[in-house]
Number of protein chains: 2
Amino acid sequence: MKIGELAALAGCETETIRFYEKQGLLAAPARTASGYRTYQQRHLEDLQFIRHCRAFDMSLSFVRQLLIFREDPTQPCGRVNTLIDEQLSHLDTQLTQLHQLKADLQALRTLCQNDHQAKDCEILKNLVHPCASDCERHR
Amino acid sequence: MKIGELAALAGCETETIRFYEKQGLLAAPARTASGYRTYQQRHLEDLQFIRHCRAFDMSLSFVRQLLIFREDPTQPCGRVNTLIDEQLSHLDTQLTQLHQLKADLQALRTLCQNDHQAKDCEILKNLVHPCASDCERHR
DNA sequence: CACCAACTCTAAAGTTACTTTAAGCATTGA
DNA sequence: TCAATGCTTAAAGTAACTTTAGAGTTGGTG
């Protein structure tokens with residue numbers, strides 16, 4: 001299949017596929033006489049693998065490490081579990097931070113309900129000298 | 001004060017300050033005879049304002065819009081509220097997505113507990129052909 | 001006064017994961 | 001045959017900085 005077809009099947013852009021090839025994530029496929037890339041089923045599976053990993057917000061270097069296991073199926077997969085656990089704790093960190101961010105921003109939002117002059121806006125004031133001294137996040 | 005001092009007070013890097021100046025977020029300060037930047041209190045407050053906005057994960061173009069109100073304190077601040085609300089809903093979206101991501105990845109993680117050969121690893125299999133057909137996120 | 005460490009300056013390139021642009025062939029259907 | 005669509009490449013753009021390189025300045029010590 002050609003690159004556009006592969007892209008449609010994987011739900012990504014053709015440029016993304018070329019990008020992955022350039023980055024060494026996706027094997028370079030055979031070419032037609034005129035230079036068009038022609039892909040096999042295996043390419044589709046590799047690409048889907050990459051896209052699913054990305055959907056979990058894994059970095060490409062992370063994905064690269066996981067792809068090694070697809071290249072050598074006899075490898076023990078213990079490292080896979082470790083990588084997934086790392087990604088999970090990464091997501092956890094993000095989630096916690098985002099939660100705090102939202103709470104803080106909501107608190108900030110309550111400070112100004114009406115429309116008055118900017119110089120009297122408690123939100124703007126707070127964005128200079130934030131709330132409490134326990135505002136650790138603001139460092 | 002010089003740039004290093006300002007950076008220390010605001011808790012950021014000197015390069016970040018120069019970057020903000022180049023981006024037009026922070027006013028260019030006076031210079032010493034030898035070309036060193038010399039900052040005033042107002043610069044510190046502006047910088048803190050920017051950093052606090054960034055701590056709420058606002059984009060620089062967002063911050064730029066908020067800075068207008070600091071330049072003209074007579075402006076009505078209704079737009080500020082709107083901007084904060086937008087940022088809140090942005091955080092909400094992120095939070096929801098991240099939640100789903102984590103749940104999905106946790107589910108994936110349970111599929112493989114022991115260390116076996118990569119070709120038999122259910123995690124790796126699932127990253128090619130994911131879980132259920134209701135896996136909307138994977139498009 | 002000489003000297004050195006620490007600080008500052010600029011411009012440019014690097015980072016991540018792509019996306020966009022430009023300009024030129026190939027293929028396909030009417 | 002001709003236009004629309006699809007493919008090719010290399011290079012530049014995106015966000016928000018960070019890093020690097022090379023050079024001048026300042027402040028304290030001997």
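Every chain is numbered from 1 and lettered A, B, ... according to where its sequence line falls, protein lines coming before strand lines.
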Could you list the donor-acceptor pairs under 3.5 angstrom formed by side chains in residues 33-40 of chain A, with sequence neighbours left out?
unit_1	atom_1	unit_2	atom_2	d
A:Ser34	OG	A:Thr32	OG1	3.1
A:Arg37	NE	A:Glu21	OE1	2.8
A:Thr38	OG1	A:Ala30	O	3.1

Near-strand residues of residues 15-27 of chain B, defined as heavy-atom separation under 4.0 angstrom from DNA chain D: B:Glu15, B:Thr16, B:Phe19, B:Tyr20
Determine, for A:Lys125 against A:Glu122, whether the closest basic-nitrogen to carboxylate-oxygen distance falls under 4.0 angstrom. yes
In this structure, how many angstroms lie between the [atom2] atom of [N] and the [atom1] atom of [X], rounded?
| X | N | atom1 | atom2 | answer |
| --- | --- | --- | --- | --- |
| A:Arg31 | D:dC7 | CZ | P | 12 Å |
| B:Glu13 | D:dA16 | CD | P | 18 Å |
| B:Glu5 | D:dG27 | CD | C1' | 15 Å |

Between the protein and nucleotides 22-25 of chain D, which nitrogen or oxygen pairs come in under 3.5 angstrom?
unit_1	atom_1	unit_2	atom_2	d
D:dG24	N2	B:Tyr36	OH	2.9
D:dT25	O4'	B:Tyr36	OH	3.1
D:dT25	O3'	B:Ser34	OG	3.1

Which pairs of donor and acceptor atoms, one on a side chain in residues 57-64 of chain A, lie under 3.5 Å apart (sequence neighbours left out)?
unit_1	atom_1	unit_2	atom_2	d
A:Ser59	OG	A:Phe62	N	3.2
A:Arg64	NH1	A:Gln23	O	2.7

Without swapping roles, check the side chain of [X] against the backbone of [Y] for a donor-acceptor pair under 3.5 Å.
| X | Y | answer |
| --- | --- | --- |
| B:Gln87 | B:Phe56 | yes |
| B:Arg109 | B:Cys112 | yes |
| B:His90 | B:Glu86 | no |

With nearest nucleotide decided by heavy atoms, which residue, B:Lys2 or B:Ser59, maps closer to the 5′ end of DNA chain D? B:Ser59
For A:Tyr20, all residues meeting side-chain hydrogen bond (donor to acceptor under 3.5 Å, both in side chains), sequence neighbours excluded: A:Arg51
Under 4.0 Å from a heavy atom of chain A: give me the 5'-most and 3'-most nucleotides of DNA chain C that qualify. C:dA17 to C:dT27
Check this one for me: any side-chain N or O of A:Arg37 less than 4.0 Å away from OP1 or OP2 of D:dT8? yes
